[in-house]
2 protein chains.
Amino acid sequence: MPAKPKLPTLDDVAKAAGVSTATVSRCLNAPDRVVKATKDRVLAEVARLGYTPNFGARAMAAKRTFTVGAIIPTMDNAIFARGLQAFQEQLHERGYTLLVSSTSYRPEIEAEQVRTLVARGADGVLLIGYDRDAAIYEYLASRSVPTLIAWAYDKENPQPSVGFDNRASMQALAQLVWDHGHRRIGVISGTTQGNDRARRRLEGLRDVFAQNGLPHEALKVIETPYGVKNGGIAFAKLMAGDMPPSVVMCGNDVLAVGAVRRAHLMKLDVPRDVSITGFDDIELARIVSPPLTTVHVPHRKMGRAAANALIDMVETDSIGPFPPLQSKIRMRASLADINGNVTGTPDP
Amino acid sequence: MPAKPKLPTLDDVAKAAGVSTATVSRCLNAPDRVVKATKDRVLAEVARLGYTPNFGARAMAAKRTFTVGAIIPTMDNAIFARGLQAFQEQLHERGYTLLVSSTSYRPEIEAEQVRTLVARGADGVLLIGYDRDAAIYEYLASRSVPTLIAWAYDKENPQPSVGFDNRASMQALAQLVWDHGHRRIGVISGTTQGNDRARRRLEGLRDVFAQNGLPHEALKVIETPYGVKNGGIAFAKLMAGDMPPSVVMCGNDVLAVGAVRRAHLMKLDVPRDVSITGFDDIELARIVSPPLTTVHVPHRKMGRAAANALIDMVETDSIGPFPPLQSKIRMRASLADINGNVTGTPDP
DNA sequence: TTGTAGGCGTTATCAC
DNA sequence: GTGATAACGCCTACAA
C-alpha cells in the first residue's frame, strides 16, 4: 500500500486563511452566509491548496453523499448505454456522481447489489422496469431510500417512474400493421419472464389483434433471449410453415435486425416477401437494410428526466408522479402493406 | 428529506451481543482473530439486526473504499460500453464497486472529474488512452492513486496500461491493403487532437505506405469527428476528385459504416468500385452490408484484464507492466483486391 | 482473546 | 458574521 500523502483538509485551509473551520465550511456550502472579504480569502486558499472535501467525512457529518446508484441489466446494450450516459451527464450537471452495478441479466443478484449501493450511502437508486422481488422494494422503503423506476411507465403502478408506456406504444405499432392489411402475424418477443417491458409489449400487440378479431391461430409468437442471432433463429422458425406470416413483429430492434439478416440469407425480400418491425429505434435500425419501421424511444431524454426526477425525490421528498414520455412510430422501409407497397421512408 | 430510520451501528451490535465494538469490528474484518463462540454470537446479532457497516465511517477510518473510478469519453459508444461492462463485472467479482464519470468528449473537464473521484476515495482510477494534461498525471501521482490506462498500449510509455497497440494493429491492416494491390488510398481518420488512439492508427497507416514507397499525393487523409454521418461526408469528399481512391481506410467502424452507406447512396458498389475498411469490430461491422474488413479488438477481455490489473495495483502495489492484448484482422467482404476480387468472407 | 480510547474530516448547533 | 465544539460510525494501536 503506497503511503498516501496527506490531502489538505478543512483545517489546513482554515489555518492558511486565518479563520475557523466552520467558516471555511460555510464558504463552501452556504456562501451567502459569509462576508465577501473573508470568502474571497478563503476561496483563494482553497484553490491554492487544491482542497477537496473528504467524501467519507462529509457523508458522515451531512448524511448525504451526492451519489446515486443505478442497477441495469448491462451497459453493453445500446438502449441502456444511451440512457445511462444521459443520466450520468445530468447527474454530473447537478453535482452528483453515479455508482453503477449491473445484473448481467441475472435478476437474482439484484437484491445484493441494492444492499451494496445502500451501504455505500447512495442518496437514491435507479432501477430498470418494475419486475422484481417485493423484498427489494420493502428493503428500500424501510431504509427510506428514494427509488425510481426507469424504462417503463405503468399508470396502474404506484412506484415512481420515468419512462414510456411499452404496452400503448406497441399497440400503436400493431394497429399500424393491421391497417397495412396484414392478417398473418409472426411475433418474436424478448423473454417476458421477469421483464415487464417485454411482457407489456407483447400484451399490447395481442390486445390490438384480438380487438380487431384476428383468429387466434393467425398469431404465432416465439419468445427468445436477446441477441441478433436469436432473432434470426426465431425468424427462420416462424417462416418455416406452409402459411408463413406476412409480417414479423419483433420485441426490439436487435431481434429485428437478426430477422432481417436471416431473411436475406433465406433469399426473402424485405418487405416484399415479408415485413419486419422493431422497437427502440437504436442506431442499428437505420443502418440495416432495409431500415426498420420501429418505435422510437427518447433514450437520452429519458435518462436526463430520470436524473432530474431522482434528484428531486432526494432533495425535496417528491414522489412524482412524473409524466410519461412519448414514444413515436418511425416509418421506414421494412414494413410494406399486404400488397408489398412501402409507405415508409425508402432505403436509406 | 425523509427522516431516515436510524440504521443499526457497530455499537448496537456490540451491546446486543454483550461485547465491545472492537470485537464486533474484528469479527467482520479479521474473523480469525476472535474465538468461535463469541464470533457466532456476534454474527448472529449482525444478521438479526441487518447491520451493514457505514461506508463513510469505514472509508474515513480504514482509508480504503473498495471503489474504483473510471473516466471515459462516453458510455454511448459500443467500444467503451462493452469494455466497461466487463470491467464492472470483474470489479464486482472481486468486491469492488464502480464509480463512473464521462467527459462527453470534452477533455478539459477530465481534471475536475479526476478530483471528484479522488475526493470520493476511489482506491484506483481507470483512464482511456494516454493523451491528457500532464497536471492530471502529476495530481494522481502526488496523491498516490493507482492509475491505469486502458484502450491503448505503447511500450515506450511508462504509464501502466492494459490495451493493444493501435499503431501496430493499423500497420498490419495497411500492409494487407497494400498487398491487395491498392495504390490510391483514401483515409478517414478520427480526430487525432488529444486522442492518441486515433493518432497512432493514422501513424501506423502512414508508416506502411511510406515504407512501401507510395507517393505522398496518393494518400489522401481526411480527419473528422466520430459519427456515422461524418464518415459519410468524408467519404463523399474523398471520392470527389477525378482519380478517386480504390480503397478508403477508416479509423473506426462507425466512420466506416458511414462510408459504406454513403457509397450505396452514390451508387458505388463496395467493394467492386471501392473497398472500405474499419477498426474495432463492433457488432455493426458484421451487420452492415457488405460486412466490414476490420481490426478485431477484444473489448471484454480488455475490460476484465483492466479490472484485475487495477485491483492488483491497489492491493499489491504492482505497477505492471501488463502484457499487451492482441488484436487481429477480420477479413470480410468490404475489402477486395485491386481487380475487385473479394478474398474475405462473403456477405454475410 | 478482548476492551479502552483516540482520531479520521466534516457539518451543525450554539454562543459570542 | 464568526468561532468553539460536539457529534457522525468505524478502525486500530495499545492495554489488560
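A, B, ... follow the sequence lines: proteins, then strands. Residue 1 opens every chain. Just so it is clear, the model here is predicted, and its values are computed rather than measured.
Over its full length, the helix from dT1(C)-dA16(D) to dC16(C)-dG1(D) turns its helical axis through 30°, comparing axes from the five pairs at each end and rounding to 10°.
Panel note: side chain Ser318(A), backbone Gly320(A); a donor-acceptor pair is recorded below 3.5 Å.
The distance from atom CZ of Arg33(B) to atom P of dT12(D) is 10 Å, rounded to the nearest whole Å. Computed from coordinates, the Arg64(A) CZ to dT11(C) P distance equals 12 Å when rounded to whole Å. The interatomic distance linking Arg120(A) (CZ) with dC10(D) (P) rounds to 15 Å, in whole Å. Rounded to an integer number of Å, the gap from CG of Asp32(B) to C1' of dT2(C) is 15 Å. Atom NZ of Lys63(A) and atom P of dA12(C) are 10 Å apart (whole Å). Rounded to whole angstrom, the span from the CE atom of Met60(B) across to the C1' atom of dA7(D) amounts to 11 Å. Rounded to whole angstrom, the span from the NZ atom of Lys15(B) across to the P atom of dG3(C) amounts to 13 Å.
Under 4.0 angstrom from either OP1 or OP2 of dT11(C) there lies at least one side-chain N or O belonging to Arg58(A).
A donor atom on one side chain and an acceptor atom on the other are found under 3.5 Å apart for Gln88(B) and Ser102(A). No side-chain donor from either of Thr65(B) and Arg120(B) sits under 3.5 Å from a side-chain acceptor of the other. With 3.5 Å as the limit, one finds a donor-acceptor pair spanning the side chains of Tyr130(B) and Ser161(B).
Side-chain contact between Val162(A) and Tyr153(A) is absent, with no heavy-atom pair separated by less than 4.5 Å. Side-chain contact between Thr67(B) and Tyr96(B): absent, with no pair of heavy atoms (C-beta onward) separated by less than 4.5 Å. With a 4.5 Å cut-off on side-chain heavy atoms, Lys39(B) and Thr23(B) do not count as touching.
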Would you check, one step at a time, whether the test salt bridge (charged side-chain N to carboxylate O under 4.0 Å, His left out) holds for Arg26(A) with Asp32(A)?
CA-CA 8 Å; Arg26(A) 273 191 289 260; Asp32(A) 33 320; over 6 Å; no
Decide salt bridge (charged side-chain N to carboxylate O under 4.0 Å, His left out) for Glu112(B) and Arg115(B); before the verdict, give the C-alpha distance in whole Å, the side-chain angles of both, and the deciding distance to 0.1 Å.
CA-CA 5 Å; Glu112(B) 179 220 327; Arg115(B) 277 176 196 281; over 6 Å; no
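With respect to Glu89(A), the salt bridge (Lys or Arg N to Asp or Glu O under 4.0 Å) criterion is satisfied by exactly one of Lys301(A), Arg300(A), Arg82(A), Arg304(A): Arg300(A).
For Ala61(B), the listed nucleotide lying nearest its side chain is dC10(D); candidates were dT10(C), dC10(D), dG1(D).
Residue Gly18(B) is the one, among Ala57(B) and Gly18(B), whose nearest nucleotide of DNA chain C lies closer to the 5' end (criterion: closest heavy atom).
With respect to the salt-bridge test (charged N to carboxylate O, under 4.0 angstrom), the residues Asp131(B) and Arg197(B) do not qualify.
The residue Leu10(A) sits close to a base: some heavy atom pair falls under 4.0 Å.
Residues of residues 20-31 of chain A having a heavy atom closer than 4.0 Å to DNA chain C, listed by number: Ala22(A), Ser25(A), Asn29(A). In the region residues 39-56 of chain B, proximity to DNA chain C at under 4.0 angstrom, judged on heavy atoms, holds for none of the residues.
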